[in-house]
K.L.:
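Below: one structure in structure tokens.
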Amino acid sequence: MAKASRDQFFSMLHSAHLRPRGFKKVRHTFSRELDGFGEHYQFQGSDWNDEASDWRFYINCGISFAGVPRREPDRDFPRVHAWARAPHLVHFALPHYDVSSEDPTAHVAEVVAVIDECSSYFARRHKHLAEAYARRDFKW
């Protein structure tokens with residue numbers, strides 16, 4: 001799949017939906033800092049992606065806690081304390097999404113809905129999640 005289609009998807013997602021809400025983009029990760037926590041959404045491309053097919057990706061939803069040292073090791077989803085794939089946190093999230101060259105922005109609204117639901121969960125539960133993380137008793 002052409003890189004241009006993937007770029008169109010991310011451009012539409014960021015400019016029309018996430019930037020107005022305060023998200024910053026670094027590569028395929030969108031983040032924003034709120035009062036006491038940060039929320040992060042990483043779009044992880046499939047290992048099986050190639051130029052001949054649609055670009056498949058997974059949504060990883062992460063949370064970071066203000067004033068808490070980074071976890072070690074910090075490789076899979078840097079700067080977050082805990083994360084899960086979107087379907088683990090949002091019941092209507094798909095296991096994966098595909099960006100096609102025919103309609104590169106087809107899934108933008110669905111992805112925004114997943115982020116909104118996850119964001120709502122983080123806003124409601126971030127204090128409890130931070131306390132559980134500090135106790136090393138963290139469970140989604």
Side-chain angles (χ1 to χ4, degrees):
M1 186 197 107
K3 182 180 180 295
S5 298
R6 184 177 65 220
D7 290 347
Q8 282 181 295
F9 172 82
F10 283 117
S11 178
M12 171 63 75
L13 180 64
H14 191 218
S15 65
H17 300 282
L18 299 181
R19 185 184 304 136
R21 298 174 189 188
F23 283 92
K24 294 181 179 173
K25 178 182 176 292
V26 175
R27 298 193 38 143
H28 296 147
T29 301
F30 298 85
S31 302
R32 71 175 171 182
E33 295 300 320
L34 300 166
D35 188 24
F37 71 101
E39 57 182 300
H40 314 271
Y41 302 96
Q42 179 188 64
F43 293 79
Q44 179 185 354
S46 170
D47 287 341
W48 303 107
N49 283 335
D50 61 35
E51 291 296 317
S53 60
D54 294 347
W55 187 70
R56 175 162 289 177
F57 67 91
Y58 313 93
I59 304 172
N60 299 323
C61 305
I63 188 167
S64 59
F65 309 112
V68 176
R70 289 170 67 167
R71 63 192 165 97
E72 295 291 331
D74 189 22
R75 289 186 288 257
D76 50 355
F77 195 164
R79 296 180 209 41
V80 302
H81 291 101
W83 65 274
R85 286 266 165 94
H88 187 75
L89 300 173
V90 178
H91 74 281
F92 59 83
L94 298 177
H96 58 81
Y97 296 85
D98 296 309
V99 174
S100 73
S101 54
E102 289 85 40
D103 190 1
T105 61
H107 292 293
V108 169
E110 295 171 59
V111 168
V112 169
V114 169
I115 289 172
D116 285 345
E117 186 67 22
C118 205
S119 182
S120 177
Y121 173 78
F122 288 155
R124 287 190 319 273
R125 304 279 297 160
H126 74 295
K127 289 180 183 173
H128 171 75
L129 295 172
E131 291 167 1
Y133 184 85
R135 290 191 312 268
R136 298 184 186 273
D137 183 29
F138 190 88
K139 294 182 182 106
W140 291 106

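Count residues from 1 along the sequence. Note that the structure is a prediction, hence the values are computed from the model and not measured.
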K.L.:
Just wondering, do Trp83 and Asp76 contact through their side chains at under 4.5 Å, heavy atoms?
P.N.:
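Contact flag for Asp76/Trp83 side chains = yes.
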K.L.:
Sequence neighbours excluded, which residues qualify as ring pair (Phe, Tyr, Trp, His ring centres under 6.0 Å) partners of His96?
P.N.:
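Testing His96 for ring pair (Phe, Tyr, Trp, His ring centres under 6.0 Å), a comparison that skips the adjacent residues, returns none.
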K.L.:
Which residues satisfy the salt bridge (charged side-chain N to carboxylate O under 4.0 Å, His left out) test with Arg125, sequence neighbours excluded?
P.N.:
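For Arg125 there are no salt bridge (charged side-chain N to carboxylate O under 4.0 Å, His left out) partners, ignoring immediate neighbours.
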K.L.:
Shortest non-hydrogen contact from Ala113 to Phe92?
P.N.:
O-CZ, 3.7 Å
K.L.:
Verify, without hydrogens or angle tests, whether His107 (side chain) and Tyr97 (backbone) share a donor-acceptor contact under 3.5 angstrom.
P.N.:
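Not at all, since once roles are kept as given, no pair shorter than 3.5 Å links the two residues.
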K.L.:
Please report the interatomic distance CG(Leu129) to CZ(Phe37), rounded to the nearest 0.5 Å.
P.N.:
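Leu129 CG to Phe37 CZ: 9.5 Å, rounded to 0.5 Å.
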K.L.:
Among all residues two or more places apart in sequence or in another chain, which pass the salt bridge (charged side-chain N to carboxylate O under 4.0 Å, His left out) test with Arg32?
P.N.:
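For Arg32 the salt bridge (charged side-chain N to carboxylate O under 4.0 Å, His left out) partners, ignoring immediate neighbours, are Glu39.
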K.L.:
Hey, is CZ on Arg27 packed in by over 12 heavy atoms from elsewhere, all under 6.0 Å?
P.N.:
no
K.L.:
Show the nearest heavy-atom pair for residues Pro104 and Val99, with the distance to one decimal.
P.N.:
O-CG1, 3.5 Å
K.L.:
Which label fits His28 and Phe10: parallel for a plane angle under 30°, tilted from 30 to 60°, or perpendicular past 60°?
P.N.:
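Rings of His28 and Phe10: parallel, under 30°.
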K.L.:
Determine yes or no for a side-chain-to-main-chain donor-acceptor pair under 3.5 angstrom, with Ser11 supplying the side chain and Asp7 the backbone.
P.N.:
no
K.L.:
Taking the side chain as every heavy atom from C-beta outward, state whether Val90 and Tyr121 have any pair of such atoms under 4.5 Å apart.
P.N.:
no
K.L.:
Testing the basics here: between Phe77 and Val80, what is the closest heavy-atom pair and its distance to 0.1 Å?
P.N.:
O-CG2, 3.0 Å
K.L.:
Evaluate the criterion side chain to side chain contact (heavy atoms under 4.5 Å, CB included) for residue pair Tyr41 and Ser119; output intermediate values, then yes/no.
P.N.:
CA-CA 10 Å; Tyr41 302 96; Ser119 182; 3.7 Å; yes
K.L.:
Ignoring hydrogens and geometry beyond distance, is a side-chain donor-acceptor pair present between Thr29 and His40 at under 3.5 Å?
P.N.:
no
K.L.:
So which heavy atom on Phe43 is nearest to which on Ile59, and how close?
P.N.:
CE2-CG1, 3.9 Å
K.L.:
Give the ring-plane orientation class for Phe9 versus Phe57, where under 30° counts as parallel, over 60° as perpendicular and anything between as tilted.
P.N.:
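If you compare the ring of Phe9 with that of Phe57, the planes turn out tilted.
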K.L.:
Treating Ile, Leu, Val, Met, Phe, Trp and Tyr as nodes and any side-chain heavy-atom pair under 4.5 angstrom as an edge, say whether Val68 and Phe122 lie in one connected cluster.
P.N.:
yes
K.L.:
Go through the structure and list residues passing salt bridge (charged side-chain N to carboxylate O under 4.0 Å, His left out) with Asp137, not counting sequence neighbours.
P.N.:
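Partners of Asp137 under the salt bridge (charged side-chain N to carboxylate O under 4.0 Å, His left out) test: Arg135, Lys139.
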K.L.:
If every non-hydrogen atom of Asp54 is compared with every non-hydrogen atom of Ser101, which pair is closest and at what distance?
P.N.:
OD1-N, 4.4 Å
K.L.:
In terms of ring plane angle, is the pair Phe30 and His14 parallel, tilted or perpendicular, where the classes change at 30° and 60°?
P.N.:
tilted
K.L.:
Would you indicate whether the side-chain heavy atoms of Ser64 and Arg70 approach each other to under 4.5 Å?
P.N.:
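No, too far: nothing below the 4.5 Å cut-off.
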K.L.:
Would you mind listing every salt bridge (charged side-chain N to carboxylate O under 4.0 Å, His left out) that reaches into residues 99-123, with sequence neighbours excluded?
P.N.:
Arg21-Asp116
K.L.:
Would you find a donor on one side and an acceptor on the other, under 3.5 Å apart, between the side chain of His88 and the backbone of Asn60?
P.N.:
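A pair under 3.5 Å: no.
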K.L.:
Does any non-hydrogen side-chain atom of Tyr58 lie less than 4.5 Å from one of Ser46?
P.N.:
yes
K.L.:
Linking I/L/V/M/F/W/Y whenever their side-chain heavy atoms sit closer than 4.5 Å, directly or via other members, would Val114 and Leu34 fall into one cluster?
P.N.:
yes
K.L.:
If you take all heavy atoms of Trp55 and Gly45, which pair is closest and at what distance?
P.N.:
CZ2-CA, 3.7 Å
K.L.:
Which pairs pass salt bridge (charged side-chain N to carboxylate O under 4.0 Å, His left out) with one or both residues in residues 77-88, sequence neighbours excluded?
P.N.:
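Non-adjacent pairs meeting salt bridge (charged side-chain N to carboxylate O under 4.0 Å, His left out): zero.
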K.L.:
Got Lys25 and Leu18 here, is their nearest side-chain heavy-atom distance under 4.5 Å?
P.N.:
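When only atoms from C-beta onward are counted, Leu18 and Lys25 do not touch, as no gap falls below 4.5 Å.
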K.L.:
Hey, what do you get for OG (Ser120) to CG (Leu89), rounding to the nearest 0.5 Å?
P.N.:
12.0 Å
